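I have placed the structure first, in the form of structure tokens, so that the comments after it can refer back to it.
Remember, it's a predicted structure, so these values are computed and weren't measured experimentally. One-based numbering, in listed order, for ligands and for the atoms of each.
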Amino acid sequence: GKVLGKRYEIIEKIGGGGMAIVYKAKCALLNRFVAIKVLRPEFINDKDLLDKFRKESQAAASLSHPNIVNVYDVGEEDDIYYIVMEYVNGKTLKEVIKEKGKLNKDEILDFTRQIALALKHAHANHVVHRDIKPHNILITEDHRAKVTDFGIALAATSSTITNTGSIIGSVHYFSPEQARGGYTDEKSDLYSLGIVMYEMATGRLPFEGDAPITIALKHIQENPELPSQYNPSISKDLEIIIMKLLQKEQINRYANAAALIEDLYKVKNNFELGDMDNTLRM
Ligand code: ATP
Ligand code: MG
Ligand code: MG
């Protein structure tokens with residue numbers, strides 16, 4: 001088959017999003033599988049997107065953590081721009097949710113903790129992901145979660161709308177500040193993780209709509225139904241964590257990923273969550 005950079009032999013296509021196509025490949029030199037993300041050819045003349053793609057490699061390459069997909073190499077040849085990364089044999093969290101409908105408490109706690117650990121590491125290195133969603137979380141057969149797709153992590157502007165007018169990221173997981181096109185920071189990732197938790201707990205999204213603008217406005221204006229409306233077996237303490245992540249004001253969310261991890265630990269061990277009485281009254 002086709003060979004990239006003289007050492008990667010393309011085996012098959014394994015995925016594709018808005019911006020890129022992802023292939024499984026083999027690194028001949030090290031005799032291991034890798035995943036290669038290639039910028040879609042229609043975008044190579046789009047300076048905005050090319051810049052975004054380069055920044056994605058930089059952001060991801062600056063991180064090294066067991067819950068973040070490891071970036072090995074980047075390359076550009078004959079107008080092909082690519083990122084070589086750890087090949088994760090598994091499914092996306094989106095597929096896992098689709099198959100199971102709802103996840104149980106232990107699964108939710110376990111996956112959320114792993115994603116929060118990834119965020120803690122990224123945030124400590126001044127990288128905000130900005131596109132946390134189940135499609136960007138890979139789950140291995142032994143239930144390890146790995147965050148990928150730092151595509152808009154280093155986007156210099158806080159804007160979610162490009163010069164050409166297309167929206168970056170998935171509006172279902174936008175924080176209110178992202179939906180407003182305002183200033184996004186670490187807390188925006190925490191909100192998006194709250195949406196992901198909501199989806200794991202209920203099998204549905206808190207805000208739906210026909211047009212992106214409708215969904216964006218709901219993030220800004222509407223309070224979500226409590227997860228227990230859709231899953232009566234969801235425990236109160238888990239629900240409190242989800243609602244604390246989904247607070248509209250950044251200041252009312254967890255201070256950081258570490259604080260979230262602390263509460264996940266408490267729930268796991270049946271310790272009481274402190275001082276959370278107001279969280280469910282939004
Ligand atoms: P988006 O539209 O979400 O921005 P994208 O074009 O930036 O997508 P990615 O999200 O990075 O592309 O990858 C697309 C898909 O390819 C993923 O959802 C996943 O199914 C698969 N994939 C990505 N990276 C890997 C990897 N390292 N190992 C295995 N599969 C992967
Ligand atoms: Mg993606
Ligand atoms: Mg992306």
Side-chain angles (χ1 to χ4, degrees), residues 4 8 10-27 30 32-44 46 48-61 63-75 80-99 111 114-115 118 122 127-155 160-162 164 166-174 178 184 188-189 192-193 195-196 199 205 212:
L4 259 183
Y8 304 108
I10 305 290
I11 295 169
E12 60 182 348
K13 183 180 162 179
I14 50 177
M19 177 160 103
I21 302 169
V22 180
Y23 298 94
K24 181 179 184 178
K26 182 135 192 189
C27 172
L30 296 173
R32 66 177 173 189
F33 292 116
V34 294
I36 305 187
K37 182 169 181 171
V38 180
L39 184 68
R40 287 186 186 274
E42 59 261 41
F43 293 134
I44 56 165
D46 187 327
D48 262 17
L49 274 171
L50 199 56
D51 198 42
K52 218 156 71 62
F53 195 74
R54 288 208 179 95
K55 292 213 165 105
E56 165 172 4
S57 349
Q58 290 166 11
L63 305 173
S64 171
H65 188 274
N67 298 113
I68 295 176
V69 172
N70 206 356
V71 168
Y72 298 139
D73 192 12
V74 293
I80 297 175
Y81 294 81
Y82 61 92
I83 304 170
V84 184
M85 57 193 153
E86 169 187 6
Y87 171 70
V88 181
N89 189 11
K91 297 172 185 162
T92 69
L93 180 58
K94 191 75 184 177
E95 293 170 286
V96 173
I97 295 171
K98 209 175 261 170
E99 277 167 22
F111 289 150
Q114 295 187 59
I115 301 162
V127 173
V128 180
H129 189 287
R130 295 200 177 88
D131 198 14
I132 290 294
K133 58 181 179 183
H135 322 69
N136 287 339
I137 295 154
L138 305 175
I139 306 291
T140 67
E141 263 162 22
D142 51 352
H143 301 118
R144 247 189 297 244
K146 288 179 183 267
V147 175
T148 187
D149 197 359
F150 284 77
I152 50 183
L154 285 187
T160 43
I161 302 172
T162 64
T164 45
S166 56
I167 294 174
I168 302 174
S170 176
V171 74
H172 283 111
Y173 303 88
F174 273 10
Q178 210 170 0
T184 56
S188 310
D189 283 346
S192 301
L193 179 52
I195 303 278
V196 175
E199 198 176 351
L205 288 156

Minimum heavy-atom distance between H129 and I132, given as atom pair plus value: ND1-N, 3.4 Å

What I want to check is whether the side chains of E199 and Y173 have a donor and an acceptor closer together than 3.5 Å. yes

Under 3.5 Å: donor-acceptor pair, side chain of Q114, backbone of F111: no

Residues which pass salt bridge (charged side-chain N to carboxylate O under 4.0 Å, His left out) with R40, listed by chain and number, not counting sequence neighbours: none

Answer with yes or no whether the side chains of R130 and S188 bring together a donor and an acceptor at under 3.5 Å. no

Main-chain N/O of P66 paired with K146 side-chain donor or acceptor, under 3.5 Å: yes

Output all residues satisfying side-chain hydrogen bond (donor to acceptor under 3.5 Å, both in side chains) with E99, sequence neighbours left out; order by chain, then residue number. K91

Is the contact between I21 and ligand 1 made by the side chain, the backbone, both, or neither, using heavy atoms and a 4.0 Å cut-off? neither

Filtering K94, E86, K24 for the heavy atom nearest atom 27 (N) of ligand 1 leaves E86

Give the atoms of ligand 1, by number and element, whose distance to some non-hydrogen atom of T92 is under 4.0 Å. 18 (O), 19 (C), 20 (O)

Indicate yes or no: does an N/O atom of G15 lie under 3.5 Å from an N/O atom of ligand 1? no

Give a yes or no answer on whether the side chain of N136 reaches the backbone of D131 with a donor-acceptor pair at less than 3.5 Å. yes

In terms of atom number and element, which parts of ligand 1 are under 4.0 angstrom from non-hydrogen atoms of A35? 26 (C), 27 (N), 28 (N)

For ligand 1, which atoms have a heavy atom of V22 less than 4.0 angstrom away? 13 (O), 14 (C), 16 (O), 22 (N), 23 (C)

Report, in ascending order of atom number, the atoms of ligand 1 lying under 4.0 Å from any heavy atom of I14. 29 (C), 30 (N)

Taking only non-hydrogen atoms of M85 and a 4.0 Å limit, the atoms of ligand 1 in range are 24 (N), 27 (N)

Any idea which of V69, T148, L138 brings a heavy atom closest to atom 26 (C) of ligand 1? L138

Can you sort out which atoms of ligand 1 are near N136, meaning under 4.0 Å from one of its heavy atoms? 3 (O), 10 (O)

For atom 29 (C) of ligand 1, the option (of V88, L39, N89) bearing the nearest heavy atom: V88

Hey, are D46 and K52 close enough for a salt bridge, meaning a charged N less than 4.0 Å from a carboxylate O? no

Among K37, H135, K52, whose heavy atom sits nearest atom 9 (P) of ligand 1? K37

Which ligand 1 atoms does K133 reach within 4.0 Å, using its non-hydrogen atoms? 3 (O)

If you have a sec, read the angle at the Mg ion (ligand 2) from D149 atom OD2 over to N136 atom OD1, to 10 degrees. 90°

Short list, please: which atoms of ligand 1 are under 4.0 Å from a heavy atom of A20? 6 (O)

